[in-house]
Student: 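Quick one: this structure, given as structure tokens, is what I'll be asking you about.
Note: hydrogens, waters and symmetry copies are ignored here, and every other heavy atom, side chains too, is used. Throughout, numbering of the chain's residues begins at 1 and tracks the sequence. Just so you know, these numbers come straight off a predicted model, no measurement behind them.
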Amino acid sequence: MDYGKYKYEAAQKAREARRNQANAQLKEIRISLKIDTHDYQTKINNAKKFLDHGDKVKIQLRFKGREQHRPEMGLRLMERIANDTAENSTVESAPRVDGRNMVMVLAPIRRKAQTKSDQRRRREAERAKRKAEQAAQDA
């Protein structure tokens, strides 16, 4: 076997492995207990977007003033968030009180590497489709 060919193929495999490798980041979303419906929907949409890209999401609920004496209201809001993002995520760490904050971490159902490879396959399929359409137009 040709050593140069072997070395080239090994380099190609290593390059492909690096391309598929992805590190999941921890994205943070901060909310307050008295969040309005539109603001809530915006935050949920951002969380879903982060989860679809394969990143973990840390939801941080900040208690202000007398709200600190009502942690059950914060727990209900965190459960609502977990239910609204249930198709994209699982609860990695349950809501816990940390001083003035309540923190919950959501993990994506799909790994980031799977998401990236699916996106790459879709792009390659679209390129092939465009090339076929271009060839049909040229002919």
Side-chain angles (χ1 to χ4, degrees):
M1 181 172 176
D2 185 14
Y3 180 69
K5 184 177 180 181
Y6 168 76
K7 193 173 173 183
Y8 173 76
E9 288 175 357
Q12 289 298 323
K13 285 181 185 177
R15 184 170 162 233
E16 187 67 28
R18 272 197 313 274
R19 184 185 299 168
N20 286 334
Q21 180 183 7
N23 298 328
Q25 292 182 333
L26 181 66
K27 303 286 187 172
E28 185 173 318
I29 294 180
R30 293 183 181 178
I31 59 173
S32 65
L33 193 59
K34 296 177 183 174
I35 188 168
D36 195 40
T37 55
H38 184 265
D39 296 337
Y40 175 80
Q41 285 301 321
T42 303
K43 300 286 187 177
I44 291 296
N45 289 339
N46 285 338
K48 286 180 181 179
K49 184 175 67 173
F50 294 148
L51 291 164
D52 285 341
H53 288 290
D55 295 322
K56 293 182 181 182
V57 177
K58 177 181 177 183
I59 309 289
Q60 186 171 3
L61 175 67
R62 176 86 182 207
F63 291 109
K64 299 175 189 165
R66 293 183 183 177
E67 294 173 355
Q68 292 179 26
H69 301 292
R70 303 294 300 273
E72 66 276 0
M73 291 177 69
L75 196 59
R76 279 198 302 253
L77 181 59
M78 290 291 203
E79 288 173 358
R80 184 173 154 209
I81 291 170
N83 289 336
D84 288 346
T85 60
E87 70 258 3
N88 302 22
S89 68
T90 57
V91 177
E92 186 174 275
S93 73
R96 65 183 186 282
V97 178
D98 184 28
R100 296 183 129 223
N101 300 322
M102 184 176 281
V103 179
M104 175 175 68
V105 177
L106 301 174
I109 292 175
R110 299 179 54 171
R111 294 185 55 210
K112 191 162 187 168
Q114 291 172 330
T115 305
K116 282 184 76 172
S117 62
D118 288 349
Q119 288 173 347
R120 189 176 321 100
R121 275 193 227 107
R122 257 194 314 262
R123 280 195 306 263
E124 289 171 357
E126 288 174 7
R127 282 188 202 126
K129 183 180 172 184
R130 275 191 245 126
K131 280 186 178 183
E133 289 174 355
Q134 189 77 21
Q137 287 177 355
D138 291 342

Student: What's the separation between atom CD in Gln41 and atom CD1 in Ile35, rounded to the nearest 0.5 Å?
Tutor: 9.5 Å
Student: To the nearest 0.5 angstrom, please state how far the CD atom of Glu67 sits from the CE atom of Met102.
Tutor: 11.5 Å
Student: I'd like to know whether Lys48 forms a salt bridge (Lys or Arg N to Asp or Glu O under 4.0 Å) with Glu87, so could you lay out the CA-CA distance, the side-chain angles of the two residues, the decisive distance to 0.1 Å, and finally the verdict.
Tutor: CA-CA 9 Å; Lys48 286 180 181 179; Glu87 70 258 3; 3.5 Å; yes
Student: Please check if Ile109 and Ile81 belong to a single hydrophobic cluster, counting links between Ile, Leu, Val, Met, Phe, Trp and Tyr side chain heavy atoms closer than 4.5 Å.
Tutor: no
Student: With rounding to the nearest 0.5 angstrom, report the CG to CG distance, Asp55 to Leu26.
Tutor: 8.5 Å
Student: Side-chain heavy atoms under 4.5 angstrom apart, residues restricted to Ile, Leu, Val, Met, Phe, Trp, Tyr: same cluster for Val103 and Ile59?
Tutor: no
Student: What's the spacing between His69 NE2 and Phe63 CZ if we round to 0.5 Å?
Tutor: 11.5 Å
Student: Evaluate Lys7 against Glu9 for salt bridge (Lys or Arg N to Asp or Glu O under 4.0 Å), listing each step before the verdict.
Tutor: CA-CA 6 Å; Lys7 193 173 173 183; Glu9 288 175 357; over 6 Å; no
Student: For the atom pair CD (Glu124) and CZ (Arg121), what is the distance rounded to the nearest 0.5 Å?
Tutor: 8.5 Å
Student: Looking at side-chain heavy atoms only, is the closest gap between Asn45 and Lys49 below 4.5 Å?
Tutor: no
Student: What's the spacing between Lys58 NZ and Arg30 CZ if we round to 0.5 Å?
Tutor: 8.0 Å
Student: Hydrophobic clusters here meaning ILVMFWY residues chained together by side-chain heavy-atom distances under 4.5 Å, can you tell me if Ile29 and Val105 are in one?
Tutor: no
Student: For a 4.5 angstrom cut-off between non-hydrogen side-chain atoms, does Leu106 reach Thr90?
Tutor: no
Student: Which heavy atom of Leu51 sits nearest a heavy atom of Ser89, and at what distance?
Tutor: CD1-CB, 3.4 Å
Student: Shortest non-hydrogen contact from Leu77 to Ser32?
Tutor: CD2-O, 3.9 Å
Student: Taking all atoms of both residues into account, what is the closest heavy-atom pair of Met104 and Met78, and its distance?
Tutor: CE-O, 3.4 Å
Student: Which heavy atom in Lys56 sits nearest to a heavy atom in Ala107, and how many Å separate them?
Tutor: CG-CA, 4.3 Å
Student: Stepwise, does the side-chain contact (heavy atoms from CB on, under 4.5 Å) test hold for Met73 with Arg76?
Tutor: CA-CA 5 Å; Met73 291 177 69; Arg76 279 198 302 253; 3.4 Å; yes
Student: Do side-chain atoms of Asn88 reach the backbone of Asp52 as a donor and acceptor pair under 3.5 angstrom?
Tutor: no
Student: Group every Ile, Leu, Val, Met, Phe, Trp and Tyr by side-chain heavy-atom contacts under 4.5 Å, then state whether Ile44 and Phe50 land in the same group.
Tutor: yes
